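First the structure, in the form of structure tokens, and then the observations on it.
Every chain is numbered from 1 and lettered A, B, ... according to where its sequence line falls, protein lines coming before strand lines. Because the structure is a prediction, the values reported are computed rather than measured.
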Protein chains: 2
Amino acid sequence: MTQAAVIARSEAQESGKAAKILDAARRVFMADGYGAASMDAIAKAAGVSKATVYAHFAGKDQLFAAIIAERCRAHSAIPELEDVERATPEEALLALGRSFASLVLAPEVLDLYRIVVAETPRFPELGRTLYETGPKRGIARLADYLQRLTDRGLLDVREPDIAARQFFGMIRSDLYLRRLFHISDAEVGITVEQMVASSVAMFLRAYARRA
Amino acid sequence: MTQAAVIARSEAQESGKAAKILDAARRVFMADGYGAASMDAIAKAAGVSKATVYAHFAGKDQLFAAIIAERCRAHSAIPELEDVERATPEEALLALGRSFASLVLAPEVLDLYRIVVAETPRFPELGRTLYETGPKRGIARLADYLQRLTDRGLLDVREPDIAARQFFGMIRSDLYLRRLFHISDAEVGITVEQMVASSVAMFLRAYARRA
DNA sequence: GTCTATAATTGGATAGAC
DNA sequence: GTCTATCCAATTATAGAC
């Protein structure tokens, strides 16, 4: 079995050594990042010797890259916008805004983001992987939805691609920075829900049909 | 002289060994980050021995923290909004949006951001420093300006603090991510200027005075 | 203060037995 | 495949001479 195949089913209850190593590597890399994580720590966490780790995986670099790519895929679920065709734009955008905020502010996603940003110089392709499994797909899907709303005459969005980026950018705002740096929301006095609600309302005013 | 005092005037043409070490440390840390930078490399770049580095600075941690805090201050210049009182809101926001984009997308600022994000677990206070010298002050200043525009009856911004966050969030959008990951603008087909112009127009529509 | 030389430790990777 | 033991390189930090 190839390494990729092993990784692909790493979520299963496979209890072979390879799976144990992958599980351990995921935990250690996510907790410590690439530099601070050691192959000793991974071997210990997996309950095997270091030599066994090297029998299954070529080296630290490849093991890391495999884990990170898998994590990007694991968090790439896009909130469905399919049966929202029946909902009003306001309902749909509120739901989308909330799911988006929950996703990008989740601690595991912030950890992943932090690690990929940190290791961009050493692993340039991981940044691209994260961008393409995450933001790129989300933007494309929202742009599509905005185009449909425009076609139906419910909104007036002339540059759906730009508008989608604006929508996500507003909701993320500086929230992700504060979470990344562990600056509490209380200190700022704005909640996530406030930011989402206010941004959806503002977005709808800006892109309402014009007379 | 204290370390802080030395650092405070590190931009001057002070050519003592302490200043040479600080200059070298800045270059090496900015290029390699904390983990990959070595005290050997810093000593070599400064043209002194490693023992001399340790004679002036307590250790790698403190030298790093000092350099990063200094870099945050160095990049904390806020575009003036003072004599824009005479400009139209559109002119003022366009100018602000452009300066903001130039600032946060500058390679040195992206490097600083990447390094602070990477080292947040080890140096939690640096994230706070970056947030407070950067986004926090920019948001406060824009919120102030939006409040004044509302007072003068030129706009209708009821939550200036939230609106300021929306403005910066829209302009940054996913641009900073793409720059961070070296994904070319050409690949996406949207320029910075387009993003700024479209966002300012959209912002003004959303916060125009209502009838 | 400054240098050379050297601890002391860590961590990636492997040899060789089983 | 798996383990123990080890190699080798890199790195932080310091001792001791000048």
Note to self: Among residues 31-50 of chain A, which ones have heavy-atom contacts with DNA chain D below 4.0 Å?
What the structure shows: A/Val48, A/Ser49
Notebook entry, point to check: In terms of side-chain heavy atoms of A/His56, which of D/dG1, D/dA13, C/dT2 is nearest?
Noted result: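 Taking heavy atoms from C-beta onward, the closest nucleotide is D/dG1.
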Check: Angle class for the A/Phe64/A/Phe123 ring planes (parallel below 30°, perpendicular above 60°, tilted otherwise)?
Finding: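 Judged by the thresholds at 30° and 60°, the geometry between A/Phe64 and A/Phe123 is tilted.
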Checklist line | Ring geometry between B/Phe100 and B/Phe168 (parallel below 30°, tilted from 30 to 60°, perpendicular above 60°) | finding: tilted
Do the charged groups of [X] and [Y] touch, with an N to O distance under 4.0 Å?
| X | Y | value |
| --- | --- | --- |
| A/Asp144 | A/Arg148 | yes |
| A/Asp23 | A/Lys20 | no |
| B/Asp40 | B/Lys44 | no |
| A/Glu187 | B/Lys136 | no |

Item checked: Check: A/Arg137 side chain, A/Ser76 main-chain N or O, donor-acceptor pair, under 3.5 Å -> yes
Might you list the N or O atoms of the protein lying below 3.5 Å from N or O atoms in nucleotides 16-18 of chain D, with each pair's distance?
none

Rounded to whole Å, how long is the line connecting atom [atom1] of [X] with atom [atom2] of [N]?
| X | N | atom1 | atom2 | value |
| --- | --- | --- | --- | --- |
| A/Lys20 | D/dT2 | NZ | P | 10 Å |
| B/Phe64 | D/dT12 | CZ | C1' | 16 Å |
| B/Lys60 | D/dT11 | NZ | C1' | 8 Å |
| A/Phe57 | D/dT2 | CZ | P | 11 Å |

Notebook entry, point to check: Do the side-chain N or O atoms of A/Tyr54 get closer than 4.0 angstrom to the phosphate oxygens (OP1, OP2) of C/dT14?
Noted result: no
Checklist line | For A/Ala164 against A/Ala143, the heavy-atom pair lying closest together | finding: CB-N, 3.8 Å
